[in-house]
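Below you'll find the structure, written out as structure tokens, and then a few comments.
As the structure is a prediction and not an experimental result, all values here were calculated from the model.
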Amino acid sequence: MKRGQPRKWPELKGIDDKSPEYRRVLRNISPSYWLINKIATCKQRAKKMGVPFDLTRDYLLKVMGYDYGDYWDKEKEYCPALEKPYDFYGEGHGGKPLSKSLDRIIPEKGYTKGNVRFIARKTNGVLLDTTPEELLQIAVWRLKEDENLITDKNKIKELLENAASFIY
């Protein structure tokens, strides 16, 4: 299917195409449609912050591994940092903690090709203005401070071994 050609989405049958419900359903089934609002929001944010912006829908579809007109593939839709699936059904401004969000790897470089990645909103908030060293320092502090809250010591051991394997 070529760009610009109408696609028949059976999920939209019977829903008025001017209604908010139509747009909500379409965002929940189409990565390409979901990106329209994401790009507009990031472009406004970049202008407000005075950082560069050069993202396109085609570029972001490629980053996500989709083609124009594809359906979401729930098997590959998870936060790579948390290894948890994204929540595509969050309502309201900003969505939910596991909503898919666009992260600027180096914030001052803006929303530019090669400087963005998709992660959960929750993860994005944790990374905000935090260096990898600071993040590890916070994690170690939290493990010591809240040891009684640890539910899976094997998972922590696995994560620490993984970190040590590429540092040393």
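- Looking at Trp72, its side chain does come within 3.5 Å of a backbone N or O of Arg27 through a donor-acceptor pair.
- Applying the side-chain hydrogen bond (donor to acceptor under 3.5 Å, both in side chains) test to Asp146 and every residue at least two apart in sequence or in another chain returns Arg142.
- A donor-acceptor pair is defined here as one N or O able to donate and one able to accept, closer than 3.5 Å; no such pair exists between the side chain of Lys62 and the backbone of Arg57.
- The hydrophobic cluster around Leu160 extends to Leu143, Ile150, Ile156, counting ILVMFWY residues whose side-chain heavy atoms fall within less than 4.5 Å of a member.
- You'll find the side chain of Asp73 reaches within 4.5 Å of the side chain of Tyr66, heavy atoms only.
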Taking distance alone, no hydrogens or angles, what donor-acceptor pairs closer than 3.5 Å link side-chain atoms of residues 130-138 to residues at least two apart or in another chain?
residue	atom	partner	partner atom	Å
Thr130	OG1	Val126	O	3.2
Thr130	OG1	Leu128	O	3.0
Thr131	OG1	Glu133	OE1	3.4
Thr131	OG1	Glu134	N	3.0
Thr131	OG1	Glu134	OE1	3.4
Glu134	OE1	Thr131	N	2.9

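- Considering only residues two or more places apart in sequence or on other chains, Arg23 meets the salt bridge (charged side-chain N to carboxylate O under 4.0 Å, His left out) condition with none of them.
- Applying the side-chain hydrogen bond (donor to acceptor under 3.5 Å, both in side chains) test to Tyr86 and every residue at least two apart in sequence or in another chain returns nothing.
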Could you give me the CA-CA distance, side-chain angles and deciding distance for Lys38 and Lys43, then say whether side-chain contact (heavy atoms from CB on, under 4.5 Å) is met?
CA-CA 9 Å; Lys38 180 62 62 186; Lys43 192 172 187 176; over 6 Å; no
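- With sequence neighbours excluded, the residues that form a side chain to side chain contact (heavy atoms under 4.5 Å, CB included) with Asn154 are Asp152.
- For Lys122, the NZ atom is loosely surrounded, since the number of other residues' heavy atoms within 6.0 Å does not exceed 12.
- For the side-chain hydrogen bond (donor to acceptor under 3.5 Å, both in side chains) test, no residue two or more places apart in sequence or in another chain qualifies with Thr123.
- Checking side-chain atoms of Asn28 against main-chain N and O of Arg24 turns up a donor-acceptor pair under 3.5 Å.
- Residues Leu55 and Ile105 are members of separate hydrophobic clusters, defined by side-chain heavy-atom contacts under 4.5 angstrom among Ile, Leu, Val, Met, Phe, Trp and Tyr.
- Using a 4.5 Å cut-off between side-chain heavy atoms of Ile, Leu, Val, Met, Phe, Trp and Tyr, with links allowed through other members, Val51 and Leu60 fall into the same hydrophobic cluster.
- A side-chain donor-acceptor contact under 3.5 Å links Ser101 and Asn124.
- At most 12 non-hydrogen atoms from other residues, nucleotides or ligands lie less than 6.0 angstrom from NZ of Lys48.
- Under the side-chain contact (heavy atoms from CB on, under 4.5 Å) test applied with Leu61, the options Thr56, Asp67, Leu35 reduce to a single match, Leu35.
- Under a 3.5 Å cut-off, the side chain of Tyr71 and the backbone N or O of Pro31 do not form any donor-acceptor pair.
- Other residues, nucleotides and ligands place more than 12 heavy atoms under 6.0 Å from the OH atom of Tyr33.
- Between Gly69 and Ser32, the shortest heavy-atom contact is N-CB, 4.3 Å.
- Counting heavy atoms from C-beta on, the side chains of Asn162 and Glu158 never come closer than 4.5 Å.
- Of all non-hydrogen atoms in Cys79 and Ala120, the two that sit nearest each other are SG-N, 3.4 Å.
- With respect to the salt-bridge test (charged N to carboxylate O, under 4.0 angstrom), the residues Glu77 and Lys74 do not qualify.
- Through chains of ILVMFWY side-chain contacts below 4.5 Å, Leu98 is grouped with Leu82.
- For Asn37, the side chain to side chain contact (heavy atoms under 4.5 Å, CB included) partners two or more places apart in sequence, or in a different chain, are Thr41.
- Not counting sequence neighbours, Asp16 has no partner by the salt bridge (charged side-chain N to carboxylate O under 4.0 Å, His left out) test.
- Residues forming a side chain to side chain contact (heavy atoms under 4.5 Å, CB included) with Tyr22 (at least two apart in sequence, or on another chain): Leu12, Ile15, Asp17, Ser19, Leu26.
- Side-chain contact between Cys42 and Phe53: present, with at least one pair of heavy atoms (C-beta onward) separated by less than 4.5 Å.
- With values rounded to the nearest 0.5 angstrom, Met64 atom CE is found 4.5 Å from Lys100 atom NZ.
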Pairs of donor and acceptor atoms involving the side chains of residues 108-119, under 3.5 Å and at least two apart or interchain, shall be tabulated with distances.
residue	atom	partner	partner atom	Å
Tyr111	OH	Arg45	NH1	3.0
Thr112	OG1	Lys109	O	3.2
Asn115	OD1	Ile106	N	2.9
Asn115	ND2	Ile106	O	3.0
Asn115	ND2	Gly110	O	2.8
Arg117	NE	Asp103	OD2	2.7
Arg117	NH2	Asp103	OD2	3.1

